[in-house]
Participant: 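Here's a structure for you.
These values consider heavy atoms only, across backbone and side chains, with no hydrogens, waters or symmetry-generated copies. Bear in mind the structure is a predicted one, so any value in this text is a computation, not a measurement.
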Amino acid sequence: MSAGRPSPRSRVVLLVASACLLLPVTASADAPVATDPERSIDELLTRAVEASSELHYEGQVAVVSIAEDGPRLAALSVTRADGGLQVGQADGDQLGRTGGEGFLQSSSRLLRVGGIERVPDQLDRLRTKYRPELTGVVDLDTGPATAVALIDRDLEVVRERLYADIATGLIVRRETFGADGDPVRLVAFTQLEPGTPEIGMPSSDGRDVEEREVEPREVARLREEGFEVPETLGRGFELLATLDVPDASVPTAHLVYGDGLYTVSVFQQLGRLDRRTVGSATELTTPDGGSIWRWPGSEPRRLVWTGDGTTFTALGDAPTDELVAALAVLPTDPAPGLGDRLLRGLERLARGLMPG
């Protein structure tokens with residue numbers, strides 16, 4: 001997906017729009033009070049899962065990701081019809097890039113809830129870790145929506161606020177918060193037109209990579225080949241699917257984990273990480289001294305590291321702090337010492353001084 005640089009005027013418009021999007025929405029004066037909150041939340045989330053895979057629509061989606069150097073913005077056009085899901089970049093900067101690959105290709109998934117496992121199982125898993133609370137009806141650009149707060153039971157912080165469109169059931173706004181309660185991401189429809197649009201090209205959402213789901217009896221084979229296949233990660237993430245990628249240039253496995261709210265894909269390739277591929281990333285030292293590379297502000301969140309001779313890539317919609325805690329059960333090589341860092345710095349300096 002290509003990304004042209006927006007004009008100064010359009011960047012100002014995006015900055016103003018993102019600031020407005022981050023403001024609290026106003027609750028309706030006649031917000032209904034649910035008589036059966038537990039049943040209402042289940043019905044709302046079940047309807048949202050169905051709408052994300054069945055509803056036909058055209059719309060505009062704004063993505064605001066909060067990074068250390070400020071907000072990163074994107075405006076996407078999204079169309080869903082019988083031909084699939086088509087995502088285009090309407091304006092704004094890409095939220096992340098490594099080499100020739102941008103991360104916006106999967107950003108439309110940030111407004112989906114579930115769809116990987118059966119809805120009853122997903123809701124049971126969600127309720128184990130989160131306490132959902134209905135917080136009323138609010139007025140959005142797309143119309144009235146029911147707001148739900150998802151509170152982390154261990155941390156006692158709101159991790160997500162979801163807004164389900166009353167007319168369609170679709171999740172039209174999603175606010176994500178870090179463990180400290182600060183906002184880390186906002187994804188919201190700024191325009192939504194339900195209907196049956198025509199799509200003249202295949203979906204551009206996701207990767208064009210052939211994968212095959214692994215039968216349970218084959219998981220032992222993957223482990224024998226050197227892949228890490230834990231049944232659970234930290235923070236309540238459980239294994240939902242195991243896939244291998246037969247057409248990959250090196251042996252590759254793809255594991256999908258979920259906690260009922262967030263989903264994380266863990267790709268494993270046998271071999272060590274080529275550090276030249278993480279030149280634009282930031283190095284993060286984990287609480288146990290491991291070294292992980294991340295792209296601040298990228299969506300979905302992306303972490304890359306090496307552990308015990310295997311290169312791991314994690315893609316997920318959870319906040320970075322949640323991903324790091326979840327992935328702590330996987331092997332991570334220790335962060336380089338001062339000598340290694342100085343050597344790498346000298347190597348970068350030497351490359352910069354070499355004639356082109």
Side-chain angles (χ1 to χ4, degrees), residues 65-72 94-99 101 103 129 152 154-155 157 159 176-185 226-230 232-237 252-255 257 259 262-352:
S65 186
I66 311 300
E68 288 86 345
D69 56 352
R72 302 191 181 194
Q94 284 194 321
L95 298 187
R97 174 174 285 278
T98 174
E101 178 188 0
F103 301 154
K129 183 174 175 180
D152 188 303
D154 291 336
L155 303 178
V157 298
R159 271 298 195 181
T176 306
F177 302 87
D180 56 4
D182 289 340
V184 297
R185 180 178 59 228
F227 293 106
E228 299 281 341
V229 192
T232 61
L233 299 178
R235 297 287 297 144
F237 284 84
T252 302
H254 177 192
L255 312 177
Y257 293 87
D259 68 350
Y262 299 120
T263 302
V264 56
S265 285
V266 180
F267 297 87
Q268 300 182 39
Q269 294 179 309
L270 301 182
R272 299 189 62 81
L273 175 67
D274 182 352
R275 290 186 180 270
R276 291 175 297 180
T277 64
V278 294
S280 61
T282 299
E283 190 172 10
L284 171 69
T285 301
T286 64
D288 60 356
S291 179
I292 290 179
W293 297 90
R294 62 174 180 144
W295 283 260
S298 66
E299 298 295 352
R301 306 297 193 195
R302 183 184 181 100
L303 302 175
V304 177
W305 73 98
T306 296
D308 292 349
T310 298
T311 294
F312 297 86
T313 299
L315 296 172
D317 55 346
T320 300
D321 65 86
E322 182 78 352
L323 283 178
V324 171
L327 298 167
V329 303
L330 296 171
T332 307
D333 288 349
L338 178 60
D340 291 333
R341 293 179 186 272
L342 289 175
L343 179 60
R344 291 211 317 256
L346 290 173
E347 289 175 345
R348 286 196 296 268
L349 179 62
R351 286 197 299 268

Participant: Side chains of F177 and V157: does their closest heavy-atom pair fall under 4.5 Å?
Facilitator: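 Answer no - side chains too far apart.
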
Participant: Identify, with sequence neighbours excluded, every residue that meets salt bridge (Lys or Arg N to Asp or Glu O under 4.0 Å) alongside R301.
Facilitator: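 Checked R301 against salt bridge (Lys or Arg N to Asp or Glu O under 4.0 Å); matches are E299.
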
Participant: Is the shortest side-chain heavy-atom distance between D333 and R272 below 4.5 Å?
Facilitator: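 Yes, their side chains come closer than 4.5 Å.
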
Participant: Grab the two heavy atoms, one from S291 and one from A335, that are nearest each other, plus how far apart they are.
Facilitator: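 That would be CB-CA, 3.5 Å.
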
Participant: Salt bridge or not between R185 and E322? Use side-chain N to carboxylate O under 4.0 Å.
Facilitator: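 Looking at R185 and E322, the cut-off is not met.
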
Participant: P296 versus T320: any side-chain heavy-atom pair under 4.5 Å?
Facilitator: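 A side-chain contact under 4.5 Å is absent here.
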
Participant: Below 4.5 Å, heavy atoms only, C-beta onward: do L323 and Y262 meet side chain to side chain?
Facilitator: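 No, every pair of side-chain atoms sits at 4.5 Å or beyond.
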
Participant: Could you give the distance from OG1 (T282) to CH2 (W293), rounded to the nearest 0.5 Å?
Facilitator: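 Taking OG1 in T282 and CH2 in W293, the distance rounds to 8.5 Å.
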
Participant: To the nearest 0.5 Å, tell me how far L315 CG sits from R302 CZ.
Facilitator: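 Nearest 0.5 Å value for the CG-CZ distance: 5.5 Å.
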
Participant: Between D317 and T263 (side chain of the first, backbone of the second, donor and acceptor by atom type, cut-off under 3.5 Å), is there such a pair?
Facilitator: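 Such a contact is found between D317 side chain and T263 backbone.
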
Participant: Could you pull out the closest heavy-atom pair between G178 and V184, with the gap in Å?
Facilitator: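 Smallest heavy-atom distance, with atoms named: N-CG1, 3.8 Å.
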
Participant: Under the 3.5 angstrom rule, does the side chain of W295 hit a backbone N or O of V278 as a donor-acceptor pair?
Facilitator: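 Not a single qualifying donor-acceptor pair exists.
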
Participant: Quick one: OG1 on T176 to CG on D182, what's the gap to the nearest 0.5 Å?
Facilitator: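 So the gap between those two atoms works out to 13.0 Å.
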
Participant: Which heavy atom of P331 sits nearest a heavy atom of W305, and at what distance?
Facilitator: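 Looking at all heavy atoms of both residues, the shortest contact is O-NE1, 3.0 Å.
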
Participant: Return the CG to OG1 distance between L284 and T332, rounded to the nearest 0.5 Å.
Facilitator: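 One finds 10.0 Å between CG of L284 and OG1 of T332.
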
Participant: Any donor and acceptor pair, going by atom type alone, linking the side chain of T306 with main-chain N or O of L273 inside 3.5 Å?
Facilitator: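 Yes: the side chain of T306 pairs with the backbone of L273.
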
Participant: Distance check, rounded to the nearest 0.5 Å: T252 atom OG1 versus Q269 atom CD?
Facilitator: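 Here the rounded value is 4.0 Å.
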
Participant: Quick one: does Q268's side chain have a donor or acceptor within less than 3.5 Å of a partner on T310's backbone?
Facilitator: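 Judged by distance alone, no pair lies under 3.5 Å.
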
Participant: Are the side chains of F312 and L327 in contact, using a 4.5 Å heavy-atom criterion?
Facilitator: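 Answer no - side chains too far apart.
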
Participant: Looking at every non-hydrogen atom in both residues, tell me the closest pair between G316 and P300 and how far apart they are.
Facilitator: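 That would be O-CB, 3.4 Å.
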
Participant: Say whether, by atom type as modelled, one donor and one acceptor occur between the side chain of R235 and the main chain of D259 under 3.5 angstrom.
Facilitator: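 It does not hold such a pair.
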
Participant: If every non-hydrogen atom of R159 is compared with every non-hydrogen atom of A179, which pair is closest and at what distance?
Facilitator: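 Closest heavy-atom pair between R159 and A179: NH1-N, 3.3 Å.
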
Participant: Between F237 and A326, what is the shortest heavy-atom contact and its length?
Facilitator: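 For F237 and A326, the tightest heavy-atom pair comes out as CD1-CB, 3.6 Å.
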
Participant: Measuring from D308:CG to L270:CG, what's the distance to the nearest 0.5 Å?
Facilitator: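 One gets 11.5 Å once the value is rounded to the nearest 0.5 Å.
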
